[in-house]
S.K.: 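My structure is below; once you've seen it, I'll send some questions.
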Amino acid sequence: MDNPKQTLGSFAVVLSLLLSGVILLFHWSSSFSNELALIQNEPLCKSLNFSTSSTEECGDALECALAKASMGKKTVIIAVVNRAYVEQDVESDTTMLDIFLTSFWLGEGTRSLIHHILLVAVDQVAYDRCKFLKLNCFRLETDGVDFEAEKVYMSQDFIKMMWRRTQFLLEVLKRGYNFVFTDIDVMWLRNPFTRLSKNETEDLQISTDMYYGDPWSKKNPINTGFYFVRSNNKTISLFETWYGEKDNSTGKKEQDVLLDLIRGGIIEHLEIRVRFLDTLYFSGFCQDSKDFRVVTTVHANCCRSINAKIADIKVALSDWKRFKRLDVNSTLNPQWTKHDWCQQSWAKT
């Protein structure tokens with residue numbers, strides 16, 4: 001038979017252990033509840049260690065926009081739009097911006113590049129359209145200037161808009177970003193980064209209206225509708241000198257001024273290395289590419305009005321789609337349809 005004293009002692013020990021367990025469980029439960037409450041009260045982005053995008057963190061709105069669009073090595077694609085490029089004409093079924101974006105869908109290796117385009121809107125309608133399309137957008141303000149309407153080639157407003165664009169691109173270079181600048185009337189049919197030189201000693205690679213066979217010859221007439229520029233002290237000096245000529249170039253567009261500077265010796269003076277791009281790859285309506293199999297971009301240059309550009313670039317995009325339907329082993333090399341609308345645009349006042 002068990003000793004009563006021993007039984008009572010054992011019971012006391014068990015009871016003491018049970019009470020200790022209850023107290024510990026209560027404290028643990030209380031502590032867990034408090035920690036859970038703290039987590040629930042914190043913003044989700046903080047508790048999951050997500051970074052928030054704000055102008056305070058980036059520095060300003062432009063820096064945020066550039067950082068968001070950057071594809072690495074601080075490189076972005078920049079295009080400038082106004083209302084005339086994003087709104088349909090009464091008799092039109094599309095816009096220049098729509099065609100531009102469609103080319104990224106239809107091109108080879110170009111779809112992912114759309115995430116690295118910074119669309120710079122010079123008026124509110126263009127900015128609203130950009131945001132609606134969920135693109136990377138930046139609103140470029142210019143006091144006292146209306147850039148909404150179509151700027152006919154070589155009109156005073158056209159020239160003003162081109163110089164404002166140059167000033168903006170200078171600011172991008174100063175922030176350390178390399179960029180491809182592209183006009184909206186350029187179709188991207190292949191990824192240009194696979195064709196552009198990767199040699200970092202080449203400061204500027206710029207498209208041409210006509211290509212004369214030598215990538216280093218200043219005789220090639222440049223086109224500022226498509227070019228790749230690396231950010232460094234030399235290119236910043238080039239753009240500063242270029243923009244500095246704005247008030248000394250009456251009747252000239254910025255492209256003419258840059259060509260004058262190049263042919264006047266600024267390349268040698270600043271020790272800049274400039275490659276002039278072959279129209280076989282980086283073509284336009286001034287000089288068509290002779291080979292559909294290697295053409296990379298098609299620019300609706302040598303054309304005066306937006307309506308003419310839209311009409312002929314739609315035809316060119318149809319030419320591209322017909323080429324894409326050919327058998328992989330086909331030896332056919334189609335020809336581009338004549339750019340009749342653009343040719344006729346010069347006869348209109």
Side-chain angles (χ1 to χ4, degrees), residues 79 85 94 96-110 113 153-154 180-197 205-228 253 255-256 259 275-328 330-348:
Y85 284 114
T94 190
M96 188 67 73
L97 177 60
D98 293 335
I99 297 172
F100 175 71
L101 296 175
T102 297
S103 75
F104 282 82
W105 175 257
L106 297 174
E108 296 179 359
T110 51
L113 295 178
Y153 182 76
M154 288 307 294
V180 168
F181 176 79
T182 176
D183 276 344
I184 288 294
D185 59 348
V186 175
M187 291 190 303
W188 288 47
L189 302 181
R190 289 186 173 90
N191 184 343
F193 291 101
T194 63
R195 185 64 62 179
L196 292 167
S197 172
Q205 300 178 61
I206 190 165
S207 63
T208 57
D209 283 338
M210 304 289 288
Y211 181 71
Y212 296 136
D214 182 356
W216 311 109
S217 173
K218 294 184 288 185
K219 293 180 180 179
N220 295 302
I222 63 169
N223 190 298
T224 53
F226 183 94
Y227 58 89
F228 175 48
K253 60 183 182 296
Q255 178 176 293
D256 299 330
L259 182 59
R275 177 186 289 273
F276 301 92
L277 298 173
D278 191 339
T279 53
L280 180 66
Y281 311 106
F282 300 93
S283 69
F285 291 174
C286 296
Q287 187 176 49
D288 290 323
S289 171
K290 295 181 174 62
D291 194 343
F292 271 76
R293 289 171 180 77
V294 296
V295 65
T296 301
T297 59
V298 177
H299 187 188
N301 52 9
C302 290
C303 196
R304 191 164 187 267
S305 71
I306 290 179
N307 285 338
K309 286 174 181 280
I310 288 176
D312 275 343
I313 210 165
K314 284 170 65 177
V315 174
L317 203 54
S318 294
D319 290 341
W320 170 255
K321 288 189 284 187
R322 278 192 290 272
F323 164 73
K324 293 293 289 178
R325 291 196 186 102
L326 294 176
D327 186 85
V328 176
S330 175
T331 58
L332 292 176
N333 186 30
Q335 300 296 310
W336 297 99
T337 303
K338 289 184 177 180
H339 316 299
D340 291 333
W341 283 87
C342 284
Q343 290 178 7
Q344 295 168 15
S345 69
W346 297 101
K348 298 177 181 180

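Computation of the quantities below employed the complete heavy-atom set of this structure, encompassing side-chain atoms and omitting hydrogens, waters and symmetry-equivalent molecules.
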S.K.: Side chains of Asp209 and Gln287: closer than 4.5 Å at any heavy-atom pair?
M.R.: no

S.K.: What is the distance from atom CD1 of Ile313 to atom CE of Met96, rounded to the nearest 0.5 Å?
M.R.: 5.5 Å

S.K.: Please round to the nearest 0.5 Å and tell me the distance separating atom OG1 of Thr102 and atom CG of Leu97.
M.R.: 9.0 Å

S.K.: Does Arg190 reach the main-chain N or O of Arg293 with its side chain, forming a donor-acceptor pair under 3.5 Å?
M.R.: yes

S.K.: Rounded to the nearest 0.5 Å, what separation is found between the CH2 atom of Trp320 and the CD atom of Glu108?
M.R.: 4.5 Å

S.K.: In a single word, yes or no, tell whether Cys342 and Cys302 have an SG-SG distance below 2.5 angstrom.
M.R.: no

S.K.: Answer yes or no: is there a side-chain heavy-atom contact under 4.5 Å between Asp319 and Phe292?
M.R.: yes

S.K.: Cys303 and Trp346: which non-hydrogen atoms are nearest, and at how many Å?
M.R.: N-CZ2, 3.6 Å

S.K.: So with a 6.0 Å cut-off around CH2 of Trp105, is the heavy-atom count from everything else above 12?
M.R.: no

S.K.: Give the minimum heavy-atom separation between Thr224 and Gln255, together with the two atoms involved.
M.R.: N-OE1, 2.9 Å

S.K.: Looking at side-chain heavy atoms only, is the closest gap between Arg322 and Thr337 below 4.5 Å?
M.R.: yes

S.K.: Taking the six-membered ring for Trp, are Trp336 and Phe285 closer than 6.0 Å centroid to centroid?
M.R.: no

S.K.: Within a radius of less than 6.0 Å around NZ of Lys324, do more than 12 heavy atoms belonging to other residues, nucleotides or ligands occur?
M.R.: yes

S.K.: Mind checking salt bridge (charged side-chain N to carboxylate O under 4.0 Å, His left out) for Lys314 and listing every partner two or more places apart, or none if nothing turns up?
M.R.: Asp93

S.K.: Taking the inter-plane angle between the rings of Phe104 and Phe100 on a 0 to 90° scale, is it parallel (under 30°), tilted (30 to 60°) or perpendicular (over 60°)?
M.R.: perpendicular

S.K.: Rounded at 0.5 Å granularity, tell me how far CG in Asn191 sits from OG1 in Thr110.
M.R.: 7.5 Å

S.K.: The criterion is side-chain contact (heavy atoms from CB on, under 4.5 Å); which residues satisfy it with Ser330, sequence neighbours excluded?
M.R.: Leu326, Asp327, Leu332

S.K.: Grab the two heavy atoms, one from Asp214 and one from Asn220, that are nearest each other, plus how far apart they are.
M.R.: O-ND2, 2.8 Å

S.K.: Is any side-chain heavy atom of Ser103 closer than 4.5 Å to one of Thr297?
M.R.: no

S.K.: Measuring only between side-chain heavy atoms, which start at C-beta, is His339 closer than 4.5 Å to Asp288?
M.R.: yes

S.K.: Hey, does Phe282 have a side-chain heavy atom less than 4.5 Å from the side chain of Val186?
M.R.: no

S.K.: Between Ser197 and Gln205, what is the shortest heavy-atom contact and its length?
M.R.: N-OE1, 2.8 Å

S.K.: Is the closest side-chain heavy-atom distance between Phe226 and Asp183 below 4.5 Å?
M.R.: no

S.K.: Let's go through Phe193 and Leu113 carefully: what are the C-alpha distance in whole Å and the side-chain angles of both, what is the deciding distance for side-chain contact (heavy atoms from CB on, under 4.5 Å) to 0.1 Å, and is it a yes or a no?
M.R.: CA-CA 10 Å; Phe193 291 101; Leu113 295 178; 4.3 Å; yes

S.K.: Would you check, one step at a time, whether the test side-chain contact (heavy atoms from CB on, under 4.5 Å) holds for Leu196 with Leu277?
M.R.: CA-CA 9 Å; Leu196 292 167; Leu277 298 173; 4.0 Å; yes

S.K.: Which distance, rounded to the nearest 0.5 Å, do you find between the OG1 of Thr331 and the CG of Asn333?
M.R.: 9.5 Å

S.K.: Can you measure from CG (Leu101) to CG (Leu106) and round to the nearest 0.5 angstrom?
M.R.: 11.5 Å

S.K.: Can you see which heavy atom on Leu280 is nearest to which on Lys290, and at what distance?
M.R.: CD1-N, 4.0 Å

S.K.: Spell out, as yes or no, whether a donor-acceptor pair under 3.5 Å connects the side chain of Ser289 to the backbone of Tyr281.
M.R.: no

S.K.: Output yes when a side-chain donor or acceptor of Thr296 lies under 3.5 Å from a complementary backbone atom of Pro192, and no otherwise.
M.R.: no

S.K.: If I compare all heavy atoms of Ser345 with all of Arg304, which pair ends up nearest, and what's the gap?
M.R.: OG-N, 3.1 Å

S.K.: Is any side-chain heavy atom of His299 closer than 4.5 Å to a side-chain heavy atom of Asp185?
M.R.: yes

